[in-house]
Student: 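Here it is, the structure in full.
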Amino acid sequence: MATIQPVVLFFILGVLAGVLKSDLKIPEALYKSLSIFLLIAIGFKGGVSMAKYEIMEVLPIALSMVVLAALIPLTAYPILKKLGKFNQADSGAIAAHYGSVSAVTFAVGIAFLDGIKETSEGYMVLIMALMEIPALVTGTILARRGAGGSTQWGKLMHEILTGTSIFLMVGGVIVGYYAGMVKLVSPLDKMFMDLFMGVLALFLLEMGLLASARLSAIRAKGPFLLAFGILFPLTAGFFGAFLGALFSLSLGGTMMLAVLYASCSYIAAPAAMRIAVPEADPAVSIGASLGVTFPFNIFVGVPIYFEMAKFFKAMF
Amino acid sequence: MATIQPVVLFFILGVLAGVLKSDLKIPEALYKSLSIFLLIAIGFKGGVSMAKYEIMEVLPIALSMVVLAALIPLTAYPILKKLGKFNQADSGAIAAHYGSVSAVTFAVGIAFLDGIKETSEGYMVLIMALMEIPALVTGTILARRGAGGSTQWGKLMHEILTGTSIFLMVGGVIVGYYAGMVKLVSPLDKMFMDLFMGVLALFLLEMGLLASARLSAIRAKGPFLLAFGILFPLTAGFFGAFLGALFSLSLGGTMMLAVLYASCSYIAAPAAMRIAVPEADPAVSIGASLGVTFPFNIFVGVPIYFEMAKFFKAMF
Amino acid sequence: MATIQPVVLFFILGVLAGVLKSDLKIPEALYKSLSIFLLIAIGFKGGVSMAKYEIMEVLPIALSMVVLAALIPLTAYPILKKLGKFNQADSGAIAAHYGSVSAVTFAVGIAFLDGIKETSEGYMVLIMALMEIPALVTGTILARRGAGGSTQWGKLMHEILTGTSIFLMVGGVIVGYYAGMVKLVSPLDKMFMDLFMGVLALFLLEMGLLASARLSAIRAKGPFLLAFGILFPLTAGFFGAFLGALFSLSLGGTMMLAVLYASCSYIAAPAAMRIAVPEADPAVSIGASLGVTFPFNIFVGVPIYFEMAKFFKAMF
Amino acid sequence: MKRLEIVIDEEKLEDLIALLNEVGVRGYTFLRQASGLGSRGTRRPDDIFFEQTNAMMILACEEKQAERLVTTLRPRLKEFGGMCLISDCAWVIGPAVSY
Amino acid sequence: MKRLEIVIDEEKLEDLIALLNEVGVRGYTFLRQASGLGSRGTRRPDDIFFEQTNAMMILACEEKQAERLVTTLRPRLKEFGGMCLISDCAWVIGPAVSY
Amino acid sequence: MKRLEIVIDEEKLEDLIALLNEVGVRGYTFLRQASGLGSRGTRRPDDIFFEQTNAMMILACEEKQAERLVTTLRPRLKEFGGMCLISDCAWVIGPAVSY
Ligand SMILES: Nc1ncnc2c1ncn2[C@@H]1O[C@H](COP(=O)(O)O)[C@@H](O)[C@H]1O
Ligand SMILES: Nc1ncnc2c1ncn2[C@@H]1O[C@H](COP(=O)(O)O)[C@@H](O)[C@H]1O
Ligand SMILES: Nc1ncnc2c1ncn2[C@@H]1O[C@H](COP(=O)(O)O)[C@@H](O)[C@H]1O
Ligand code: NA
Ligand code: NA
Ligand code: NA
């Protein structure tokens, strides 16, 4: 069995602080600063390692994986509607969250690979950034099919494309790619690569605090969401690992694709759904995403997705 | 004579900024972020080096040193009451401050040892965290003996045990210990060990600003508090160095125990005393602690405690 | 041609975020924290390398370069008044901005030198700190010659000398110098040197955001200010490179003097001019300084100043 | 219309909000991190050592609702700390009514 | 003198300021990051997931100016969200008049 | 009861507090980092280049106390900048009286 990364213990510390009603508080400015750092750093790291590939060669593969990600909300929606008995708006919004991705889960996956000295394709980060688009658009269509009132597509696309998450990740990729090309990665890596894990630690502490405050929101549909929040990412991850091996990604890359498919959003998606599907109740999607799926993924999921990747890589 | 660490010059810069009425301001969020970092880093560093010991072997020694720390407020109280002519509540509260410890003074001690390539036992940080309990409880009992109104013991213990200081330090110890055991200290140390001194520098800058604003509060009892704030820590440090050598700690560990006994709190203790002894005047205890004893310890005390440690280590 | 440093791409990202109306926001506390870090780091780095010189030897050279910097506002003033048709107050205030310096442009220059493995004299940072004084005083005199009402000289000098910029830079120099002398640079450099470029990256991101919001302010005098904001620093930089070579600075030092002469302030100068010349319109000077000259300098100017330095070093 | 202005211990804010919900209040505005002086001395968020802060709440509602609110609030005001002021005001019709 | 107290969506703040400038208002005070409950539900800056916040504006002016202002403001209040209260007050003469 | 609402240059806040202490005021509430427009132009904490900010103080007291206060305050208001409004209000008895 793979060892649990020390960094994820900070998530437990955060949950504990919440449960014990500790007066520990992460200043809002620190939370925002850490997330700016992480997004740039994830992009930068990906960009630097992309500088080693011919972009045009990988583009078709990357795009297919992005497009196929639209299958995730399409699968989640009927489950949520039929089995979960959620209304149309909520089902679509939750489906959009699960189709979308979590940069922090991605970061934990990268940390896991670092720990066992494996690497993944740099362009995974571009896939991550692009995957938001089909996920959020599909979720919105599902949520609003036949509903009265017009969907604010313009505002939604602006929110998705210029939202902090995508903007900083893509920006980081560009700078990292350029730095890799001109061979001037060096002084920037001292910050954006070396400190990555430490910053992730502090961020996970805050995530734990947030998660412990959010769990109560899913009480009403607790059992269903608990099952869904664990089984759905496992299935999506299985599908991701299969695809990754099919497209001949490296072992690390196959795992990371599984992580992307399995992870779900609690930052970009809520902001987008507020605009696109204002009638959905955000408390439920955030509660399931942050309170169930996120901790499951970082503690149990990531090692499992690695085993899945090994399994499929051995098959193809 | 030992050289003064460059890092402590930042404290002087902060005092100067206050005295010259510079418009330099450390944003509150930065101050809080730095203190979260330092507490985790102190714990993490201790935890990593604890992974090299058998915990059960050191536990009895550690606990004795914690229990013996209750002697500090018991000694301080009569001096403050008789010689200092403070009332019962103030005497107890100040005694609690001096029995308690300062994580930043501890950090300066660690920095001093780093500078001369000495180390100390990792579990010193656990002693530091635990020492708060007997100190604050003893101080509270002294302050409220025979006083009307019930003491809020439940609230006090909750404040002490789940307060940010103890919570983060113990949390850091746990993660560091685990990281040390599974040999995954590496990417986290880039942040929590390598940046320790630099973060301490910024924190000391703010401490200087705070100290220069606090000195005026002790004007009324200035001469007494100046004498007490220097002589008492010297005595307590002497006792700590004696105990450390008696318990066969390393040279560095002996010095650090002296530092713990000599240092006094200005963050955890004020918060705790506000709950337990609300009738005490916090301005006096913070003024003495931060305005007199803290600067004395980091500039003059630490090298002296090192000499004391050498002296007692040579004796036993 | 010299390569553009990856770090300056972050400025473009910031501008883009502004133009695209991204919801990216740098928390105010982060902006202030980064600028505190940069000022200390610039000073510290300079101080460490100053420890290698005899201070008394370089003092006369440094002082001459400071005094000669007063020529910059004296040259800028008539151009602004006659050609730019600004009133006396505005002409003096803008002249003061261009006589003064930009610590971030200085930082980009240092980063450029790092990239090509060149160094510069450590005391350049002292020159930078001192140059503010003749520039702001000269600008104020020009702005207020013959004007009614008394100039608040006392308040102005206090603002300049104890303002955050000079205070932290000089403070950094002192600590760095001391650390260099006692050979204890080591743990502090992990923060103040290694992270310099990464912090600069985040800071430039915010500068880009600020610049994109400020450009509209110069609309009325756009063409003139565009020309002035590019041609004036080129001339001043030419003069600086000439002086640097004349005073036998190193190649890197010659370039840095050109950078100092060419760069202009948008932080210290606005604050000082608000006190000394309250009747001047700050929007114009900040717009020209941050919206035109700053980006020109970091993208195009710095490599040009390096070529100028090479040219003059070859001549003398 | 009545305008209520309540200043309380920031730690009691969630309790106050719960109480307002019980009474059926449909609109209020509040600001955190307010400083002040009162019977318990100075409370300032910029005092790093104590972290005692107030929250300030403003609430416009109809006279009857205000009476009901004050009746429920009064017995708990001591525990909440601070003060509660009432004055007259007019609500500019236009936005969706939320009082 | 009249005292206006306006709470709106913080994102609309610059629009409100532009409107005030048009009407020729010479003085106002505002605070950002206000929390609140209204017809659009809860809006709180400390809710990291939504970032819906209000701004609170206070404005003292003469009766006539207030009338003009309200007339211009009313049709746009719905888009701005929030509320607008008016009450009476007196201006303590002393500082430069800015209303 | 009277309600005073004072907006001043944040840098003068400690002077104002000292003045209130002199007059014997027993309660007030203030918020820092207020933005505004007045006779000295725009003042906004989010303008990184100027850092000109206001503080807003609210103070409830008895009529007599208010008069005394205004008399002391008026001559210094110009130096403090900003404005001072007075209006009527009622104090909901309950918490310890601090006015
Ligand atoms: N007369 C008053 N005017 C304005 N604010 C007050 C007044 N009295 C109390 N407050 C506010 O209420 C807070 C708590 O008051 P207390 O519980 O009396 O200490 C104080 O810190 C002030 O912010
Ligand atoms: N009756 C009220 N009293 C005080 N504030 C209100 C009231 N109604 C609305 N607000 C404020 O206006 C904001 C926006 O209101 P709304 O557009 O109705 O959601 C709310 O979040 C509150 O801060
Ligand atoms: N008529 C007014 N209504 C509300 N606030 C005002 C008014 N006039 C001035 N202020 C506030 O007082 C501050 C200082 O005003 P002044 O000293 O006139 O520049 C302004 O920035 C505003 O915040
Ligand atoms: Na997903
Ligand atoms: Na102690
Ligand atoms: Na210049």
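Letters go in sequence order (proteins before strands), and every chain restarts at 1. Reckoned from all heavy atoms, side chains included, excluding hydrogens, waters and symmetry mates.
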Student: Less than 4.5 Å to any heavy atom of chain C: does that hold for the side chain of Lys21(B), its backbone, both, or neither?
Tutor: both
Student: Could you walk me through whether Phe192(B) and Phe37(B) pass ring-ring contact (aromatic ring centres under 6.0 Å, His included), step by step?
Tutor: CA-CA 8 Å; Phe192(B) 293 118; Phe37(B) 178 99; 5.5 Å; yes
Student: Tell me whether Asp114(C) is salt-bridged to Lys45(C), with the criterion being a basic N under 4.0 Å from an acidic carboxylate O.
Tutor: yes
Student: Identify which part of Leu168(C) has an atom lying under 4.5 Å from any heavy atom of chain B, answering side chain, backbone, both or neither.
Tutor: side chain
Student: Contact part of Ala17(B) toward chain C, heavy-atom cut-off under 4.5 Å: side chain, backbone, both or neither?
Tutor: both
Student: What part of Leu195(C) is in contact with chain B, defined as an atom under 4.5 angstrom from a non-hydrogen atom: side chain, backbone, both or neither?
Tutor: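 Side chain of Leu195(C) only, per the 4.5 Å heavy-atom cut-off to chain B.
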Student: Please rank Pro27(C), Ser186(C), Ser33(C) by heavy-atom pairs under 4.5 Å with chain B and give me the top one.
Tutor: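 Highest number of heavy-atom pairs under 4.5 Å: Ser33(C).
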Student: Does the distance from a Lys or Arg side-chain N to an Asp or Glu carboxylate O, for Arg144(C) and Glu279(C), drop under 4.0 Å?
Tutor: yes
Student: Hey, which of Val199(B), Ile12(B), Ile26(B) has the most heavy atom pairs under 4.5 Å with chain C?
Tutor: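 Counting heavy-atom pairs under 4.5 Å, the top option is Val199(B).
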Student: Side chain, backbone, both or neither: which part of Glu28(B) has an atom under 4.5 Å from a heavy atom of chain C?
Tutor: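 Glu28(B) has no heavy atom closer than 4.5 Å to chain C.
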Student: Which heavy atom of Ala143(C) sits nearest to which heavy atom of Ala93(C), and what is that distance?
Tutor: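 Distance-wise, the nearest heavy atoms are CB-N, 4.3 Å.
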Student: Which heavy atom of Ser212(B) sits nearest to which heavy atom of Gly18(B), and what is that distance?
Tutor: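 For Ser212(B) and Gly18(B), the tightest heavy-atom pair comes out as OG-CA, 3.4 Å.
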Student: By a 4.5 Å heavy-atom criterion (distance strictly below it), what part of Val175(C) contacts chain B: side chain, backbone, both, or neither?
Tutor: both
Student: Quickly, which of Phe203(C), Phe106(C), Tyr98(C), Phe11(C) forms a ring pair (Phe, Tyr, Trp, His ring centres under 6.0 Å) with Phe294(C)? Name it, please.
Tutor: Phe11(C)
Student: Hey, mind stepping through Leu126(C) and Val66(C) against side chain to side chain contact (heavy atoms under 4.5 Å, CB included) and telling me if it holds?
Tutor: CA-CA 9 Å; Leu126(C) 265 195; Val66(C) 168; over 6 Å; no
Student: Quick one: what part of Ile36(C) sits under 4.5 Å from any heavy atom of chain B, side chain, backbone, both or neither?
Tutor: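 Looking at Ile36(C), just its side chain touches chain B.
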Student: Is it the backbone or the side chain of Ile166(C) that comes under 4.5 Å from a heavy atom of chain B, or both, or neither?
Tutor: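 No part of it gets close to chain B.
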